Amino acid sequence: MDLKRLSSAILGLPMVIIVLLLGNKYVIDVALSIVAIISLHEYYNAFSKYKPIKWIGYLACILIAFIQGYI
């Protein structure tokens with residue numbers, strides 16, 4: 001098993017649990033936005049030869065998390 005993945009899981013899982021248990025709506029929205037941005041960055045790196053318009057994707061990740069709270 002990869003040591004890097006194991007260490008990130010050991011450190012990341014408690015942080016996720018703490019955010020979900022103790023965080024209010026806005027803290028959870030920010031945390032989900034950060035996860036979405038990191039995921040989108042990895043996606044863009046995987047398909048880098050196609051040259052997507054990155055700023056639109058990053059903006060959408062931020063806006064989706066905050067817009068859903070107002071609807």
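Throughout, numbering of the chain's residues begins at 1 and tracks the sequence. Just so we're clear, the structure is a prediction, and the values are computed from it rather than from any experiment.
- Linking ILVMFWY side-chain heavy atoms closer than 4.5 Å, directly or via other members, places L20 and I10 in two distinct hydrophobic clusters.
- Here the CD1-CG distance, from I62 to L32, works out to 13.5 Å after rounding to the nearest 0.5 Å.
- Considering CG of L59 and CG of L40, their distance stands at 11.0 Å, rounded to 0.5 Å.
- Atoms CG and CD1, on L13 and I18 in that order, are 10.0 Å from each other to the nearest 0.5 Å.
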Exercise. Does the pair K25 and D29 meet the rule for a side-chain contact (heavy atoms from CB on, under 4.5 Å), with working shown?
Worked result: CA-CA 6 Å; K25 178 187 174 316; D29 286 347; 3.0 Å; yes
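- In the hydrophobic cluster analysis, where Ile, Leu, Val, Met, Phe, Trp and Tyr join through side-chain heavy atoms closer than 4.5 angstrom, V27 is grouped apart from V30.
- There is no path of hydrophobic side-chain contacts, each under 4.5 Å, that joins L11 to V19.
- A continuous path of ILVMFWY side-chain contacts below 4.5 Å connects W55 to I67, so both sit in one hydrophobic cluster.
- Around CD1 of I53, the count of heavy atoms belonging to other residues, nucleotides or ligands within 6.0 Å does not exceed 12.
- To the nearest 0.5 Å, atoms SG (C61) and CD1 (I38) are separated by 10.5 Å.
- Side-chain heavy atoms closer than 4.5 Å link hydrophobic residues (I, L, V, M, F, W, Y) into clusters, and following such links, even through other members, never connects I34 to I28.
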For this session: Before giving the answer on ring pair (Phe, Tyr, Trp, His ring centres under 6.0 Å), spell out for Y50 and Y44 the whole-Å C-alpha distance, their side-chain angles and the decisive distance to 0.1 Å.
Result: CA-CA 9 Å; Y50 295 111; Y44 284 154; over 10 Å; no
